[in-house]
J.: 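Before anything else, here's the structure in question.
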Amino acid sequence: MLIDREKCIGCEECFPYCPVGAIRLAEGGSVSEIDQAECVECGCCYKRSSVCPVDAIYMPKLEWPRCLREYFSNPDVKHPSTTGNGRGTEEMKTNDVTGRFGRGEAGVALELGRPGVGTAFRDLETVAMAIARLGVEFESQNPVAELMADPKTGKFNDAVLNERVLSAIIELKVPVGKLRDVLAVVKEVATKIDTAFSLDLISRVDADGTTPVVAIAQAAGFSPRPNTKTNVGLGRPLFKEA
Ligand code: SF4
Ligand code: SF4
């Protein structure tokens, strides 16, 4: 996002709308400017608020890889790779139909960044490479997957590493028996990145009403807060139970 210096009157009305604090007064203080390194192209200052009294804020054409900022940070924009909006996938939300998470499997979603801090793909690479050493398979439908030069090692395309976004998610699925190892790596790698970091665990409830992943997470030093997702009448299953 850019500010037209010929139009801007330096009123600062747009400042509170930026979730990463990228808008500031330029030298001299009579006009404002946007820190291009920090701006995640979320569009809030431009179209959500329509706050600028003189229409000084404008969106230039974003070339690759900068356009990734918008794909991940502006929920009104679709990812060309997935044709979906948002940062991740449906995860467990449609599991009744997709059967993506079977019994004995655990889904892991690592959410990096949040409004107020954001994250860079360099952070995601750090996390992905640490976990990839365990031989996990990353979710191919997640838009982060196409940014990996080598999904086996979690190495990202070097060209995207400095691109900043509000938030992005690394998704993977492992046998429940492997979850303890994954969580140990997550604990360790969390100390190496400088942004908000939340961990989602996805698991089906066993027939006796228990969810073994909760105890595994607690043993690994996490404090899980279980939530359920029940989609009554969503549709007929497209899979056969193993
Ligand atoms: S597009 Fe978003 S991140 Fe960039 S300056 Fe506007 S509000 Fe801030
Ligand atoms: S609202 Fe418009 S005029 Fe006011 S500081 Fe922001 S860009 Fe400049």
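All values below were derived from every heavy atom in this structure, side-chain atoms included, with hydrogens, water molecules and symmetry-related copies excluded. Just so we're clear, the structure is a prediction, and the values are computed from it rather than from any experiment. Indexing begins at 1, ligand by ligand and atom by atom, following the structure's order.
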J.: Is Glu70 salt-bridged to Arg66, going by a charged N under 4.0 Å from an acidic O?
T.: no
J.: Met1 heavy atoms, cut-off 4.0 Å: which ligand 1 atoms fall inside?
T.: 1 (S)
J.: Given Val40, Asp35, Leu2, which one has a non-hydrogen atom that is nearest to atom 3 (S) of ligand 1?
T.: Val40
J.: Does Ser73 reach ligand 1, in the sense of a heavy atom lying below 4.0 Å from it?
T.: no
J.: Please list, in chain and residue-number order, the protein N/O/S atoms closer than 2.8 Å to atom 2 (Fe) of ligand 2.
T.: Cys52 SG
J.: Rounded to the nearest 0.5 Å, what separation is found between the SG atom of Cys39 and the CZ atom of Arg164?
T.: 11.0 Å
J.: Can you confirm if the NZ or CZ of Lys152 lies within 45° of the ring axis of Phe138 and under 6.0 Å from the centre of its six-membered ring?
T.: no
J.: In terms of atom number and element, which parts of ligand 2 are under 4.0 angstrom from non-hydrogen atoms of Glu12?
T.: 4 (Fe), 5 (S)
J.: Report the nearest protein non-hydrogen atom to atom 6 (Fe) of ligand 1: residue, atom name, distance rounded to 0.1 Å.
T.: Cys45 SG, 2.3 Å
J.: Arg24 vs Asp35, test: salt bridge (charged side-chain N to carboxylate O under 4.0 Å, His left out). Steps then yes/no.
T.: CA-CA 8 Å; Arg24 63 191 175 204; Asp35 183 332; 3.3 Å; yes
J.: Give the table of side-chain donor-acceptor pairs shorter than 3.5 Å for residues 116-132, with sequence neighbours excluded, one pair per line with atom names and distance.
T.:
unit_1: Thr119; atom_1: OG1; unit_2: Asp123; atom_2: OD2; d: 2.9
unit_1: Arg122; atom_1: NE; unit_2: Asn162; atom_2: OD1; d: 3.3
unit_1: Arg122; atom_1: NH2; unit_2: Asn162; atom_2: OD1; d: 2.7
unit_1: Glu125; atom_1: OE2; unit_2: Lys155; atom_2: NZ; d: 2.6
unit_1: Glu125; atom_1: OE2; unit_2: Phe156; atom_2: N; d: 3.0
unit_1: Thr126; atom_1: OG1; unit_2: Arg122; atom_2: O; d: 3.0

J.: Write out the residue and atom name of the closest protein heavy atom to atom 1 (S) of ligand 1, then the distance separating them to 0.1 Å.
T.: Gly43 N, 3.3 Å
J.: Before accepting this row, confirm whether a basic side-chain N of the pair Glu139/Arg100 lies closer than 4.0 Å to the acidic partner's carboxylate O.
T.: yes
J.: Among all protein heavy atoms, pick out the one at the shortest distance from atom 4 (Fe) of ligand 1; state its residue, atom name and that distance to 0.1 Å.
T.: Cys39 SG, 2.3 Å
J.: Quick check on Arg103: does its CZ atom have over 12 non-hydrogen neighbours (other residues, nucleotides or ligands) under 6.0 Å away?
T.: yes
J.: What atoms of ligand 1 come closer than 4.0 angstrom to any heavy atom of Ile23?
T.: 5 (S)
J.: Can you tell me the protein heavy atom closest to atom 2 (Fe) of ligand 1 and the distance?
T.: Cys42 SG, 2.4 Å
J.: Need the ligand 1 atom indices (1-based, order shown) with element for anything under 4.0 Å from a heavy-atom of Pro19.
T.: 7 (S)
J.: Counting non-hydrogen protein atoms only, what is the nearest one to atom 8 (Fe) of ligand 1? Give residue, atom name and distance.
T.: Cys18 SG, 2.3 Å
